[in-house]
Asker: 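Here you go, one structure.
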2 protein chains.
Amino acid sequence: MIPREAVAVPEDDLARTVLNLVWERRAVSRAEIARGTGRSRSTISEVVGRLLVTGLVAEVGAGESRGGRRPILVGFQDDAGVILGVDVGATHISAILTDLRGRVLAWRERAHPVRTDPKGAAALIAGLGEACLAEWNGEQSRLMGIGVAVPSPVDPGSPDRVLERVLPAWRGHGVLDRLNRVFGVPVFVDNDANLGAVAERWWGEAVGIDDFVYLKVATGVGAGIMIGGEIYRGSTGVAGEIGHVAIDPGGPECVCGNRGCLATFVGTRQLVDRARSLLDGYPDSALVGTELGIRAIEDAALADDPLALQVVNEAAVRLGIVVAGVLNLLNPGSVILGGSLARVGDRLVKPLREAVATRTLVASAGASDIRTSDLGERAVALGAATHVLVAALANPQLFPGVKSA
Amino acid sequence: MIPREAVAVPEDDLARTVLNLVWERRAVSRAEIARGTGRSRSTISEVVGRLLVTGLVAEVGAGESRGGRRPILVGFQDDAGVILGVDVGATHISAILTDLRGRVLAWRERAHPVRTDPKGAAALIAGLGEACLAEWNGEQSRLMGIGVAVPSPVDPGSPDRVLERVLPAWRGHGVLDRLNRVFGVPVFVDNDANLGAVAERWWGEAVGIDDFVYLKVATGVGAGIMIGGEIYRGSTGVAGEIGHVAIDPGGPECVCGNRGCLATFVGTRQLVDRARSLLDGYPDSALVGTELGIRAIEDAALADDPLALQVVNEAAVRLGIVVAGVLNLLNPGSVILGGSLARVGDRLVKPLREAVATRTLVASAGASDIRTSDLGERAVALGAATHVLVAALANPQLFPGVKSA
DNA sequence: ACACTTTGTTCGGCGACCGAACAAAGTCTG
DNA sequence: CAGACTTTGTTCGGTCGCCGAACAAAGTGT
C-alpha cells in the first residue's frame, strides 16, 4: 500500500530518540517531543517529517488544546511490522507472532523431543512460524525479524544472531542460518529465562522496574536477571543458571556431581517423582491412580488437593532458600515467578514468601515483592519476539522500510 | 604557576572523550587520538588545543615514528589535581591523598568509635584530611574533591554528595556539609564495599574486568558488586549486604532475628570469639595466654599456627557457601577478597575454593578465579578517592581549572 | 471582539566537524 | 646519499545538524 522503499533514516541519533519517545507515549505532538528531547520545535518537525515517510509513525488526529492551537498527534504505528518469537523448550516448541506493541497475532505449539532430534526441531520451528504467518494473513514483507529462546546459556559477547554451540546436540546443525534463509530476516537468540524476563519487563509484572529477577520453574529452573533494564548474562553467559545452587549438603547426588542442588528438588521430573513417592501417604488424593504428570499436579494443587499442595509447598521452600540469597545479594525491585509452576499462584508464592522471610534482612525483603507472572505459557515466546523489538528500537534500521542513506 | 582561571571546556562531549582516551593511554599523539575516536585530525587538534590550556594534558615529547614525521605525544598530567579519600570504618577512620593516577601522596589513620561519637568523627575526618594535605605540601587549590566510604548502604537514587541518613546515629550531623565547607570542594559518598570494588577495578586485581564481586571481610562482611564496570546498588541500595544470608538453618540466632546468618560466623568479633572457644583444644597455639585480637589471629595464621588456621578455615568454608551462590547466580569474571582477613592470602583462599568447588557448576566456577586483594588496608580509602576521579573523568568540570563557558 | 497561547513551518545563521592542501619531519629504496 | 614516500599537525573553506526568530493558523480566555 504505502510505497516503502529504503527511506533514509540513517544511524540518526535524534531520529532514534524521537522514535523511541513516540513508541513510549503512543501518540504525541511535535511540540511535546521537542520538550521531551530538549531539541527545538523546528528540528523535531524536520525529523518527524522523515519518520512519517517510513510508515513507522503517522499523524493520528488532534490532541487536547493546552490553551492555544490544538496539537497534531503523531502516533506510533504498531502494525508497521510483525515479529516472530520462538520458544524452544525441552519438550515443546512454540511460535508466536506479535505486532510492535506485543499484541499476539497468532500462536502455535507442538510437543517435540528437542534434544534428541535437532533436525526435526529445525523443520518444526520453520513450520510453526509459517503457520503463524499464514494465520495472520498479512504481507510477509512486514516480518522484521525472528527471536529464538533456547533452554541453554548463550555467549555474552555475541548473543545476537549467531550461536550454534548452545545445545550440545545442536552443534553444527545451522538451525538459525536456516531460519534466516527461509524467512529472509535477522534471527536473534537468547536464553529462555532471560527472554522471559524481557517479556515481564515490557508487558508483564516488571513494567517500569529496572532491576529484577525472573525465575522460570518448568522442566528445569533458571533465572533471568535484569539489571538497569538490560539482561545481565555474566562473564561467560551462565549467570542465572541457579539449578545447581547447593541448598542441602546432605541432599541427593546431582547429575552435576555435587550434592543437594536445587535441581534435585525442583523441576518437572523432580516434582512428579516426589508426588509419586508421597502417594501412599495421601490415599484420598485425586492423583491416586492417575498417570502422574506435572500438569495434573498443578491442576490438583489449584483444586487444593493435599498431596499436590504438599509437593508445591516443598518446592516453594527450596526455591525460597535460593530467592532469599538473591534478595540479600542483589536487592532486586521484584522477583517474578514464571514457568508452568507459576500457574498455581499464591499456593506457590505464600510458602515461598514465608521461607524467604526467615532468611533475609527486612530492608531487602521488604523492598522487593515476590509475585507470579500472568503472561502464561506464552511468556518466553513473547519475550523472544520482544527482544527483536528492543533491538529495533535501539537500531531502527531493523524496521521494515527503514534503510541507511 | 600556570594561569588556570576557568578555562572553557564545557560539557563538550568530544573533549571528554579525548580526555578519557589520553588518561587511558597516558601519552598519545593527536593522530592516534583521531584514529581512536574516529574524528578527523583537524578536529582533534582543535580540541587538544583547548585541553592544553587547562593543564590537564601537556605535550610531553616526541614518540616513535611510524614511518613518517615523529608524533608529538600529549600526556595526561597526573599531578594536575589531588583527591582526598576517607574510609570511615566501624572502629577506625583513615584518609588518603592521591594524584589522578591513584598514587598515594599521603596517608593517615586513627582509631575512633565512629558509631557512638559522630561529632568527634566529623572533626577527626577533617583533621586527618588536613594532615594529609599538609604532608603533601602542595597548593591546596589543586584539591578536586573528597570521597567518603561509609560502612552502610547508600541511596541508589542519589549516591552523590548528599546523604545523611546513612549511619543511624549520624543523622542530621551534617558531616558531609561540614567537609564541603571546610575544604570547599564537592564531597561524594558511597558504601565501603562498593568503593573497595572501585579500587580493585582501577588499580587492583580487577583491572579490565567488567563484572566482578568484591568481598570485604573485616569488622563485618559486605560485598561490592560491579556490573558492566559500574557499581550495582540494587533497587534500595542494599545490594551486596550479604552478612545476613542464611547458611545454616540450625545456626545461632543473629541480631537480625533470623538464624545462622553469615554474620554470626564471619567478622572480627565472631572470629575472635571462635578462637577463644577453641583455645582449650590447642594448648600449643601461640595465641594461648595472649589478648586475643583479629590482628593477632591473622598474624598467627600467617605463621601457620594451627588454632588460627582452624579459625580461618572455618570462616573460609562459611564464606565459600555464599561465594558459591554468587558464582552460580552472577557468573562474575572474578571474586576478590578484601578487608583485613585477606591478609592471610592463600590460607583463606584455598579452603574457600574447595568449599566453592563442591557447590558450583564447572562452567561458572571455572570462569571466575577467586583471589585476594593486594591493595592492603588502604583499599577502601583509595577507592573513595578513585570514585571522585571516575566522576571527574565522566564530568571534567570537576577538574580544577576547568569551567563551563 | 479582543488579547493572549500554543502549534507547526520557514528561513537565516552559528558552530562542530570534515576533507583537501600543505609544511615539517621522519623512513625507506636504489 | 639523494629522492620518493609516509606520517604528523595545522590551516582553511565547506557541509550539515541544530537553533532562534518570525509568522500564520488555530485554539483559549475575558
Side-chain angles (χ1 to χ4, degrees), chain A residues 7-22 25-54 57-76 396 402 404-405, chain B residues 7-22 25-54 57-76 396 402 404-405:
Chain A
V7 185
V9 172
E11 296 114 73
D12 189 331
D13 223 27
L14 183 54
R16 185 164 50 81
T17 306
V18 170
L19 189 62
N20 277 267
L21 190 75
V22 175
R25 312 273 268 268
R26 298 182 123 94
V28 63
S29 71
R30 290 168 174 82
E32 187 63 28
I33 297 172
R35 281 189 292 269
T37 59
R39 313 273 111 165
S40 71
R41 279 180 324 205
S42 46
T43 302
I44 294 302
S45 257
E46 189 266 338
V47 171
V48 168
R50 272 184 299 147
L51 286 176
L52 284 172
V53 299
T54 67
V57 304
E59 301 193 337
V60 292
E64 289 295 295
S65 165
R66 301 195 326 151
R69 169 177 164 180
R70 297 178 65 187
I72 304 168
L73 293 184
V74 175
F76 192 90
V402 180
S404 67
Chain B
V7 185
V9 173
E11 297 113 74
D12 189 331
D13 224 28
L14 184 53
R16 183 165 53 81
T17 305
V18 170
L19 188 62
N20 277 268
L21 191 74
V22 175
R25 312 271 269 268
R26 297 181 123 94
V28 62
S29 71
R30 290 168 175 82
E32 187 63 28
I33 297 172
R35 281 189 292 269
T37 59
R39 311 276 112 165
S40 72
R41 286 191 321 242
S42 46
T43 302
I44 294 302
S45 256
E46 188 265 340
V47 171
V48 169
R50 271 183 301 147
L51 286 176
L52 284 173
V53 299
T54 67
V57 303
E59 299 193 338
V60 293
E64 290 294 295
S65 165
R66 302 195 326 150
R69 170 177 164 179
R70 298 179 64 187
I72 304 169
L73 293 183
V74 176
F76 191 90
V402 180
S404 68

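Treat the numbers as computed from the prediction; the structure is a model and nothing was measured.
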Asker: As a test of understanding, state which of B/D12, B/L14, B/D13 forms a side chain to side chain contact (heavy atoms under 4.5 Å, CB included) with B/R16.
Answerer: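 That would be B/D13.
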Asker: Please identify each residue that fulfils side chain to side chain donor-acceptor pair (under 3.5 Å) with A/S65, with sequence neighbours left out.
Answerer: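 None.
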Asker: Looking at five pairs on each end of the helix from C/dA1-D/dT30 to C/dG30-D/dC1, what is the angle between the two axes, given to 10 degrees?
Answerer: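 About 20°, once rounded to a multiple of 10°.
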Asker: Might you point out which heavy atoms bring A/A15 and A/L51 nearest each other, and give the distance in Å?
Answerer: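 That closest heavy-atom pairing would be O-CD1, 4.0 Å.
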Asker: Go through residues 60-68 of chain A and report each residue with a non-hydrogen atom lying under 4.0 Å from DNA chain C, sorted by number.
Answerer: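 Under 4.0 Å from DNA chain C: A/R66, A/G67, A/G68.
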Asker: Who pairs with B/S40 by side-chain contact (heavy atoms from CB on, under 4.5 Å), at least two apart in sequence or on another chain?
Answerer: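 Partners of B/S40 by the side-chain contact (heavy atoms from CB on, under 4.5 Å) criterion, ordered by chain and then number, come out as B/S42, B/T43.
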Asker: Taking side-chain contact (heavy atoms from CB on, under 4.5 Å) as the definition, give me every residue that meets it alongside B/I72, ordered by chain and number, with sequence neighbours left out.
Answerer: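 side-chain contact (heavy atoms from CB on, under 4.5 Å) check on B/I72 returns B/R30, B/E59, B/R69.
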Asker: For A/R35, give me all partners under salt bridge (Lys or Arg N to Asp or Glu O under 4.0 Å), at least two apart in sequence or on another chain.
Answerer: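 A/R35 satisfies salt bridge (Lys or Arg N to Asp or Glu O under 4.0 Å) with A/E32 only.
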Asker: Decide yes or no for B/L52 and B/V57: does some side-chain heavy atom of the first lie under 4.5 Å from some side-chain heavy atom of the second?
Answerer: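 Answer yes - side chains close enough.
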Asker: Specify the closest pair of heavy atoms between A/L73 and A/S29, including all atoms of both residues, with the distance to one decimal.
Answerer: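 Scanning both residues, the minimum pair turns out to be CD2-N, 3.8 Å.
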Asker: Is there any protein nitrogen or oxygen under 3.5 Å from a nitrogen or oxygen in nucleotides 15-19 of chain C, and what are the pairs?
Answerer:
{"from": "C/dC18", "atom 1": "OP2", "to": "B/S40", "atom 2": "N", "distance (Å)": "2.8"}
{"from": "C/dC18", "atom 1": "OP2", "to": "B/S40", "atom 2": "OG", "distance (Å)": "3.1"}
{"from": "C/dC18", "atom 1": "OP2", "to": "B/T43", "atom 2": "OG1", "distance (Å)": "2.7"}
{"from": "C/dG19", "atom 1": "O6", "to": "B/S42", "atom 2": "OG", "distance (Å)": "2.8"}

Asker: Check side-chain contact (heavy atoms from CB on, under 4.5 Å) between B/I33 and all other residues, then give those that pass, not counting sequence neighbours.
Answerer: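 Once residues adjacent in sequence are excluded, the partners of B/I33 under the side-chain contact (heavy atoms from CB on, under 4.5 Å) criterion are B/V18, B/L21, B/V22, B/V28, B/T37, B/I44, B/V48.
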Asker: State which residues pass side chain to side chain donor-acceptor pair (under 3.5 Å) with B/R70; sequence neighbours excluded, sorted by chain then number.
Answerer: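 Residues passing side chain to side chain donor-acceptor pair (under 3.5 Å) with B/R70: none at all.
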Asker: With heavy atoms of chain A within less than 4.0 Å as the criterion, where does contact along DNA chain D begin and end?
Answerer: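 Answer, 5' to 3': D/dC18 to D/dT28.
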